[in-house]
**Student:** 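Have a look at the structure that comes next, please.
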Amino acid sequence: MFGHDKRVLAAVFVGGAIGTVARAALAEFAVHDPARWPWATFVVNIIGAFLLGCISTRLPAAGYGRALLGTGFCGGLTTFSTMQVETLRMLEHQHYGLAFGYTATSVAAGLAAVYLAIALGRR
(Lines give C-alpha, C1' and ligand atoms only; values in the text may rest on other atoms or scores of the structure.)
Protein backbone atom coordinates (compact mmCIF):
# COMPACT_ATOMS: atom_id res chain seq x y z
CA MET A 1 0.00 0.00 0.00
CA PHE A 2 2.68 2.51 0.95
CA GLY A 3 5.43 0.94 -1.10
CA HIS A 4 8.89 1.79 0.04
CA ASP A 5 8.29 5.45 0.85
CA LYS A 6 9.56 5.81 4.39
CA ARG A 7 8.12 9.34 4.59
CA VAL A 8 4.59 7.92 4.33
CA LEU A 9 5.36 5.48 7.13
CA ALA A 10 6.79 8.33 9.19
CA ALA A 11 3.60 10.33 8.59
CA VAL A 12 1.48 7.39 9.81
CA PHE A 13 3.73 7.02 12.86
CA VAL A 14 3.60 10.72 13.79
CA GLY A 15 -0.16 10.97 13.21
CA GLY A 16 -0.75 7.78 15.19
CA ALA A 17 1.33 9.05 18.09
CA ILE A 18 -0.59 12.33 18.24
CA GLY A 19 -3.97 10.57 17.99
CA THR A 20 -3.04 8.05 20.66
CA VAL A 21 -1.88 10.76 23.06
CA ALA A 22 -5.12 12.68 22.49
CA ARG A 23 -7.21 9.58 23.23
CA ALA A 24 -5.12 8.66 26.28
CA ALA A 25 -5.46 12.19 27.67
CA LEU A 26 -9.23 12.04 27.34
CA ALA A 27 -9.35 8.56 28.90
CA GLU A 28 -7.48 9.85 31.97
CA PHE A 29 -10.37 12.19 32.72
CA ALA A 30 -13.14 9.65 32.05
CA VAL A 31 -12.72 6.44 34.01
CA HIS A 32 -15.25 3.91 32.78
CA ASP A 33 -17.84 2.33 35.05
CA PRO A 34 -19.49 -0.76 33.46
CA ALA A 35 -22.88 0.48 34.67
CA ARG A 36 -22.60 3.75 32.72
CA TRP A 37 -22.26 4.84 29.12
CA PRO A 38 -18.55 5.09 28.19
CA TRP A 39 -18.67 8.60 26.79
CA ALA A 40 -14.93 9.04 26.23
CA THR A 41 -14.64 6.07 23.89
CA PHE A 42 -17.95 6.81 22.20
CA VAL A 43 -17.03 10.44 21.50
CA VAL A 44 -13.54 9.75 20.13
CA ASN A 45 -14.86 6.98 17.89
CA ILE A 46 -17.61 9.18 16.42
CA ILE A 47 -15.26 12.15 15.99
CA GLY A 48 -12.70 9.85 14.39
CA ALA A 49 -15.30 8.43 12.00
CA PHE A 50 -16.39 11.95 11.00
CA LEU A 51 -12.79 13.10 10.51
CA LEU A 52 -11.99 10.03 8.44
CA GLY A 53 -14.97 10.78 6.20
CA CYS A 54 -13.73 14.35 5.76
CA ILE A 55 -10.18 13.25 5.08
CA SER A 56 -11.21 10.63 2.55
CA THR A 57 -13.10 13.20 0.46
CA ARG A 58 -10.69 16.12 0.84
CA LEU A 59 -7.22 14.60 0.57
CA PRO A 60 -5.76 12.56 -2.28
CA ALA A 61 -5.35 8.82 -1.62
CA ALA A 62 -1.64 9.03 -2.34
CA GLY A 63 0.32 11.42 -0.23
CA TYR A 64 1.37 12.31 3.24
CA GLY A 65 -1.78 14.13 4.38
CA ARG A 66 -4.06 11.12 4.25
CA ALA A 67 -1.36 8.92 5.80
CA LEU A 68 -0.76 11.42 8.61
CA LEU A 69 -4.37 12.28 9.38
CA GLY A 70 -6.44 9.35 8.16
CA THR A 71 -4.36 6.30 8.86
CA GLY A 72 -2.20 7.78 11.61
CA PHE A 73 -4.20 10.32 13.62
CA CYS A 74 -7.65 8.75 13.21
CA GLY A 75 -6.21 5.28 13.72
CA GLY A 76 -4.57 6.37 16.97
CA LEU A 77 -7.54 8.43 18.15
CA THR A 78 -10.24 5.82 17.63
CA THR A 79 -10.38 2.59 19.53
CA PHE A 80 -12.55 -0.33 18.48
CA SER A 81 -10.74 -2.63 20.90
CA THR A 82 -11.58 -0.46 23.91
CA MET A 83 -15.20 -0.40 22.80
CA GLN A 84 -15.18 -4.20 22.76
CA VAL A 85 -13.62 -4.45 26.24
CA GLU A 86 -16.14 -1.96 27.62
CA THR A 87 -18.99 -3.95 26.07
CA LEU A 88 -17.67 -7.19 27.56
CA ARG A 89 -17.43 -5.56 31.00
CA MET A 90 -21.03 -4.41 30.69
CA LEU A 91 -22.06 -7.97 29.85
CA GLU A 92 -20.00 -9.40 32.73
CA HIS A 93 -21.84 -7.05 35.10
CA GLN A 94 -25.17 -8.07 33.53
CA HIS A 95 -25.91 -4.69 31.98
CA TYR A 96 -27.25 -6.34 28.82
CA GLY A 97 -29.40 -3.46 27.60
CA LEU A 98 -26.57 -0.99 28.06
CA ALA A 99 -24.14 -3.27 26.21
CA PHE A 100 -26.51 -3.75 23.30
CA GLY A 101 -27.42 -0.07 23.17
CA TYR A 102 -23.80 1.03 23.32
CA THR A 103 -22.70 -1.34 20.57
CA ALA A 104 -25.64 -0.60 18.27
CA THR A 105 -25.46 3.16 18.83
CA SER A 106 -21.68 3.23 18.31
CA VAL A 107 -21.92 1.43 14.97
CA ALA A 108 -24.93 3.46 13.78
CA ALA A 109 -23.51 6.81 14.89
CA GLY A 110 -20.12 5.98 13.37
CA LEU A 111 -21.68 5.13 10.02
CA ALA A 112 -23.85 8.25 10.17
CA ALA A 113 -20.80 10.40 10.96
CA VAL A 114 -18.86 9.01 7.99
CA TYR A 115 -21.86 9.42 5.70
CA LEU A 116 -22.41 13.02 6.82
CA ALA A 117 -18.75 13.91 6.42
CA ILE A 118 -18.59 12.40 2.92
CA ALA A 119 -21.83 14.12 1.91
CA LEU A 120 -20.53 17.46 3.17
CA GLY A 121 -17.17 16.88 1.52
CA ARG A 122 -18.71 16.23 -1.88
CA ARG A 123 -20.59 19.55 -1.90
**Student:** Check for me, please, whether Phe80 and Leu51 land in the same ILVMFWY cluster - side-chain distances under 4.5 Å, paths through other members count.
**Tutor:**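 The answer is yes; both residues are in one hydrophobic cluster.
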**Student:** What are the two closest non-hydrogen atoms of Cys54 and Ala117, and how far apart are they?
**Tutor:**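 Smallest interatomic distance, heavy atoms only, reads N-CB, 3.5 Å.
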**Student:** Go through the steps for Arg89 and Glu92 under the test side-chain contact (heavy atoms from CB on, under 4.5 Å), then give the verdict.
**Tutor:** CA-CA 5 Å; Arg89 287 189 181 142; Glu92 288 171 352; 4.2 Å; yes
**Student:** Between Phe50 and Leu120, is any pair of side-chain heavy atoms under 4.5 Å apart?
**Tutor:** yes
**Student:** Counting N and O atoms only, with roles assigned by atom type, does the side chain of Ser56 sit under 3.5 Å from a partner on the main chain of Gly53, one being a donor and the other an acceptor?
**Tutor:**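 Side chain of Ser56 to backbone of Gly53: a pair is present.
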**Student:** Can you confirm whether Tyr64 is buried at OH, in the sense that more than 12 heavy atoms of other residues, nucleotides or ligands lie under 6.0 Å from that atom?
**Tutor:**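 Yes, enclosed.
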**Student:** Verify the cluster assignment for Val8 and Val14: are they in a single hydrophobic cluster under the rule of side-chain heavy atoms below 4.5 Å apart?
**Tutor:** no
**Student:** Do Arg23 side-chain atoms and Gly76 backbone N/O form a donor-acceptor pair below 3.5 Å?
**Tutor:**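 Judged by distance alone, yes, a pair lies under 3.5 Å.
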**Student:** Is there a path of hydrophobic side-chain contacts, each under 4.5 Å between heavy atoms of I, L, V, M, F, W or Y residues, that connects Phe13 with Leu52?
**Tutor:**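 In one cluster: no.
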**Student:** Could you tell me the separation between the CD atom of Glu86 and the CG atom of Leu98, rounded to the nearest 0.5 Å?
**Tutor:** 10.0 Å
**Student:** Show your working on side-chain contact (heavy atoms from CB on, under 4.5 Å) between Thr41 and Thr79 and close with a plain yes or no.
**Tutor:** CA-CA 7 Å; Thr41 304; Thr79 175; 3.9 Å; yes
**Student:** So, for Ser106 and Ile46, which heavy atoms are closest and what is the spacing to 0.1 Å?
**Tutor:**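 Closest approach of Ser106 to Ile46: O-CD1, 3.8 Å.
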**Student:** Can you give me the closest heavy-atom contact between Pro34 and Met90, atom names plus distance?
**Tutor:**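 Taking every non-hydrogen atom into account, O-CG, 3.4 Å.
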**Student:** Over 60° means perpendicular and under 30° means parallel, so tell me whether His93 and His95 are parallel, tilted or perpendicular.
**Tutor:** parallel
**Student:** Should the ring pair Phe42 and Trp37 be called parallel, tilted or perpendicular, given that the plane angle runs from 0 to 90° and is split at 30 and 60?
**Tutor:**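 Perpendicular, since the angle between the ring planes exceeds 60°.
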**Student:** With hydrophobic residues grouped by side-chain heavy-atom distances under 4.5 Å, do Phe100 and Val107 end up in a single group?
**Tutor:**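 Looking at the clustering, Val107 is in a separate group from Phe100.
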**Student:** Please walk me through it: do Phe73 and Ile55 pass side-chain contact (heavy atoms from CB on, under 4.5 Å)?
**Tutor:** CA-CA 11 Å; Phe73 180 77; Ile55 291 163; over 6 Å; no
**Student:** Show your working on side-chain contact (heavy atoms from CB on, under 4.5 Å) between Thr78 and Met83 and close with a plain yes or no.
**Tutor:** CA-CA 9 Å; Thr78 60; Met83 183 188 124; over 6 Å; no
**Student:** Is there a path from Tyr96 to Tyr102 through hydrophobic residues (I, L, V, M, F, W, Y) whose side chains come within less than 4.5 Å of each other?
**Tutor:**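 No: no chain of side-chain contacts under 4.5 Å links Tyr96 to Tyr102.
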**Student:** Identify the two heavy atoms, one from Gly121 and one from Thr57, that lie closest to each other, and give their separation to 0.1 Å.
**Tutor:** CA-OG1, 3.6 Å
**Student:** If you compare all heavy atoms of Gly110 against all heavy atoms of Ala49, which two are closest, and at what distance to 0.1 Å?
**Tutor:**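 Nearest pair, atom of Gly110 first, then Ala49: O-CB, 3.6 Å.
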**Student:** Could you report the tightest heavy-atom contact between Leu77 and Ala22, atom names first, then the distance?
**Tutor:**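 Here Leu77 and Ala22 meet closest at CD1-CB, 4.2 Å.
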